[in-house]
Each structure stands twice: as C-alpha cells, then as structure tokens.
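Order of the sequence lines sets the chain letters (A, B, ...), proteins ahead of strands, with each chain counted from 1. Only this structure's heavy atoms are used, side chains among them; waters, hydrogens and symmetry mates stay out.
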Protein chains: 2
Amino acid sequence: MSEPVTSAERAVGTLREVILSGELPAGARLGEAELAERLGVSRTPVREALSRLAAEGLVDIVANRGARVATWTVEELEGVFELRLLLEPQLTSLAVPRATPEDADALEVLAHQMFEVGCPGPHQDLDSLVPLNRTFHERLVTIADHAALAGALASAIHPPIVARNFHAYDGPALRRSLGHHLEIVTALRAGDAEWARSVMAAHICNARAVMLQAARDESTADPTPADPTGRPS
Amino acid sequence: MSEPVTSAERAVGTLREVILSGELPAGARLGEAELAERLGVSRTPVREALSRLAAEGLVDIVANRGARVATWTVEELEGVFELRLLLEPQLTSLAVPRATPEDADALEVLAHQMFEVGCPGPHQDLDSLVPLNRTFHERLVTIADHAALAGALASAIHPPIVARNFHAYDGPALRRSLGHHLEIVTALRAGDAEWARSVMAAHICNARAVMLQAARDESTADPTPADPTGRPS
DNA sequence: GCCCCTTAGGTTGCACACAATCGCCCAGGG
DNA sequence: CCCTGGGCGATTGTGTGCAACCTAAGGGGC
C-alpha cells in the first residue's frame, strides 16, 4: 500500500473505494466526464483508472459505450465462491503460524465489534458490519503474507456482493457467520491451522448458501433478475 | 477472445504476445514513444495498454520512471507455484466430465507433438515446446469452463517463467513432464477426474522442483540474481 | 582525487482538442 | 398502428502539446 503519487493512482484508489463501499450500485454508469469533474482531474487519468479497474474485474468496459460498475450472473457468483473456497481456507491456514499475539488481539476486537453491531436488537447496523468484515478478512490475508494467493483472491472477491449478502442473511445464518469469526480467532490462538482452515471453509459455504437462496428468491420475485441497466425499486 | 475494435485493445494483445513469447526479456525497458512507433499508434493507447498489462502483472510501472517487463523473485515464484497447485488440479478435475472426444483428440495430438520435439535427439526443439505447452494448458482451462478459476490462474501464470523453465529441465524431468501430458489425456479419456487431478498436481510439483533447482544454480553462480536491469549475458 | 551541486536531455503525466462511433428521437411511408 | 431510415446529441477514442520529474553528465569546491 504505497503512497499514490499520480492523479491516476489516486483516481484508482478513490474509485475502488466508491465501488467497494457500495455507494454506486452494480450496473451504475461511470461517465468519464462526470468522474473527471468529481475527482477534479481531466479525463485522461480517469480513463487510466477505469482501465485498471476493468482489469481487476470491478468495472465492465464496452468499446464506445462506456464503463459501468460490474455485474455478475448467478453462475459467475457460484464460480467466485468456488474460488474463494480454494483460496481463503488455504490463506487462513498459512496465517495461523505467522500471526503474532497483536494480530490475534486485533482480529478478536474486530470479531467482537461485528458481534455487537450484528446481533438483532436496537444496535443492529448491517451497514457498519460490511467494513468491519472486510477489515477482518483483509487482516487475515495480510498475516498470511502470500502475495500470489492474495492477488488471486482480490481479483475474485467483488465486495459489492458481500455487501448485498449481509442484508440477505437471516438470523441463524448471520449468527453462524459472526460465530465463525470468533472461532477463527480461537483456532488462531490455539495454533491449530487445520481448525482455522475448516472454519473458514464453513464460513464461505455459509455465505454461498445465503447467496444462492437470495438468488432463488430474486428470480421467483423478479422476472428479469439479470437486468444490468437498473434496479427494479 | 472477442475481436479487438480499438487500437488500445490491439496494443494490449500485441504487447501481451510479445511479452509472453519471451521476445522481450524480463526487465526490458518499455518506452512509450518506442512502442507507439512500433505499433503505429500514438502514445495514448500505448499508455492504456501498459496500464492494463500492469494490472495483469505482466509489466511493472513506476511513476515517472516508465514501464518494464515484470520480474519476479524466487519467493514470488514459489508463491505462484503454490497458487497453481491449488487451481490447476481443480481445473483439470472440472475438465474431465466436460471434455468431448474431440477435446481429448486435440489434447492427445498436442501431447504427442510435444513428445516428438521434446525428446532428446536431432529433432529436439525446446523453443517450439513452449507454445505447444501453453496451448495444451489453455485448452484444458477452456474445457473446464470456469471463468473465475481461469481468471485467477491467468493472473498468476507469467509464461516467461514457464519458457525459462523448459530450458532448465534436465532429461528425466523433461521426460516426466511430457509423460504427464499423455497421462492426463489417458485419465481424461477414462473419465477419472481424481486421476487427472493427481497427475496435474504432480506435473506442477515437477515444474516447481525444476524452478527451485535452477534458482539455486543461478544464485550460486551469480552474486546478483535479482538484478532487474539486465541479464548477465 | 573525491564528492557535491548544477545543468541539460529525455521521458513520463496530464490536459485539451478533434474525430469517430453509438443511441435516441422523430418524421415518413407502408 | 408499426416499422424503417436519417439526423442529432452525447460520449468515447485518439492525437498532440506542455509542464514536471527523473537520470546522467560535467564543472567547481574541498
């Protein structure tokens, strides 16, 4: 995470955050002129930023028709979860012997914060759950310290999906998900890589199941579930 | 592989081929003006192409200092092989039930061609082995038909390494490698996904062992093995 | 003789201008 | 009423110019 020195790098970072935070819905149009004005630069660095984000898979670019926030079909989402199921348990396993006590503390704090804002009740705040979850998983990846796996995972994650998923969780699924985070910390403290790997695998399977259920609901309620131009509302 | 309609897309394709074929050595300077003249376009599409290839990991860009063909340390290479070890056996396994008889025929032809040009003797031609090998693995990925895994793999493969590797193979290792291709075709024809997966895993372990041996030789012979500016001739 | 500073050359980063392409709207005909 | 064709606005793709930056070489000082 080096300091961005060029306008294009700043634009990449800003746009990535905007997309990852879900501020722009999937399928939203990304006009070059509009973004250039919003970021206070000319169209050139914006174009470069969009190209790079397209290579990352966060935006779709069609020649002469502009850029949009990437959208995915259910089949593609299933593929992404299969990939995560290969990579994240392995990364978690690698993280166990490398984690320092400070790492474990930080992860535990995150897991507990997620529990507080995630538990049904007056303090429930699913939106603030999303960044906490992302921080938790990113920290785990950082600890694993494996650039190749981390890069492959980053190219697959597409956090807008994760954000949508948190709102799709029902009570039991959310409780399982939050419990997984705590259990991973416990396994980490115990130095049991196999334990941590297994919980992470379960964690992803749980998320996949939620995603598939949400997709089913959507397809039965909405006759055009894959419409990329706009949301029904 | 859709038809490129813009100059930038053509530039991406051309540059990717140039780098993947090894025509430009790792660490070679990629001047914008030079490439623009070579491709017959202005610097703008060249810049866009370099950005996209940088996102793919094929070139390194440093602000105000230009682009170079990407280089990798031994640690990074080990990471890449670990990633391949997760992805390619899985992809191979997925390919088995999807392969048609024509797919198997095509793979078998490729495997036999590699055997002919790879066997020690008057016809040995390691350079023509490289594109055949790439075609074989790409075909397998195509059959598996799993976009997410394929994308993650493509971001990791860095074929210049593979090219270097073929010249580093000694007789037994090369024979093993060529035999693996044939055995994968056999397993594919038998419909045995577990067999194919295992052979592919062995295939990658073999390649990794060759790479590590070559790196050891290089580090004992050359006091500056990671010099990015040029090769020792 | 060695080191540092200055200066010159070349390359990249960005902005702007023009040309090409696409989608939309409306008029006209069947 | 629906379909087809042409014009128009908007947006993207590409070329070019200028400013900023880095690298390297030469001269002066210690």
Side-chain angles (χ1 to χ4, degrees), chain A residues 2-16 18-19 24-71 224 227-230, chain B residues 1-16 18-19 24-25 27-71 224 227-230:
Chain A
S2 61
E3 198 66 20
V5 291
T6 69
S7 295
E9 290 174 41
R10 272 189 296 275
V12 170
T14 306
L15 276 179
R16 191 190 283 122
V18 167
I19 295 175
L24 292 173
R29 213 167 164 322
L30 296 169
E32 294 182 2
E34 178 197 352
L35 293 175
E37 189 180 7
R38 178 168 175 175
L39 300 176
V41 294
S42 84
R43 279 176 49 215
T44 307
V46 171
R47 280 183 66 78
E48 188 170 330
L50 288 174
S51 282
R52 291 178 58 169
L53 292 173
E56 281 183 34
L58 280 176
V59 312
D60 290 332
I61 292 183
V62 182
N64 293 314
R65 242 186 289 180
R68 320 187 79 94
V69 178
T71 61
T224 60
D227 187 336
T229 58
Chain B
M1 312 295 182
S2 61
E3 199 64 23
V5 292
T6 69
S7 296
E9 289 175 42
R10 272 189 297 274
V12 170
T14 306
L15 276 179
R16 191 190 282 121
V18 167
I19 295 175
L24 291 173
R29 213 171 163 328
L30 297 168
E32 294 181 3
E34 179 197 353
L35 293 174
E37 189 180 7
R38 180 169 175 175
L39 300 176
V41 294
S42 82
R43 280 175 48 214
T44 307
V46 172
R47 281 182 66 78
E48 188 169 331
L50 288 174
S51 283
R52 290 177 59 170
L53 292 173
E56 280 182 35
L58 280 177
V59 312
D60 289 332
I61 292 182
V62 182
N64 293 316
R65 240 185 290 180
R68 320 185 80 96
V69 178
T71 60
T224 60
D227 187 337
T229 59

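- Contact annotation: B/S7 reaches the phosphate of D/dT14 (side-chain N/O to OP1 or OP2, under 4.0 Å).
- In this structure, the side chains of A/I19 and A/V59 come closer than 4.5 Å at one or more pairs of heavy atoms.
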In a table with atom names and distances, give each donor-acceptor pair under 3.5 Å that connects a side chain of residues 48-55 of chain B to protein atoms at least two apart or in another chain.
{"unit_1": "B/E48", "atom_1": "OE1", "unit_2": "A/R47", "atom_2": "NH2", "d": "3.2"}
{"unit_1": "B/E48", "atom_1": "OE2", "unit_2": "A/S51", "atom_2": "OG", "d": "3.2"}
{"unit_1": "B/S51", "atom_1": "OG", "unit_2": "A/E48", "atom_2": "OE2", "d": "3.1"}
{"unit_1": "B/S51", "atom_1": "OG", "unit_2": "B/R47", "atom_2": "O", "d": "3.4"}

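- One can place CD1 of B/I61 at 17 Å from P of D/dC22, the figure rounded to the nearest angstrom.
- At whole-Å resolution of the value, CD in A/E48 and C1' in C/dA15 are 14 Å apart.
- The phosphate of D/dT14 (OP1 or OP2) has no side-chain N or O of B/T44 nearer than 4.0 angstrom.
- The distance from atom CD of B/E37 to atom P of D/dT16 is 13 Å, rounded to the nearest whole Å.
- Contact between A/A70 and A/D60 at its shortest, heavy atoms only, is CA-OD2, 3.6 Å.
- Between the CZ atom of B/R68 and the C1' atom of D/dC22 there is a distance of 13 Å, rounded to whole Å.
- Closest heavy-atom contact between A/T6 and B/A63: CG2-CB, 3.7 Å.
- Salt bridge present: B/R16 and B/E56 bring a charged side-chain N and a carboxylate O closer than 4.0 Å.
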Contact letters for nucleotides 7-12 of chain C, in which S counts primed atoms plus P, OP1 and OP2 and B counts the base, heavy atoms under 4.0 Å: ----SB
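- Side-chain contact between A/I61 and B/E9: absent, with no pair of heavy atoms (C-beta onward) separated by less than 4.5 Å.
- Side chain B/T6 to base D/dG13: no donor-acceptor pair is found below 3.5 Å.
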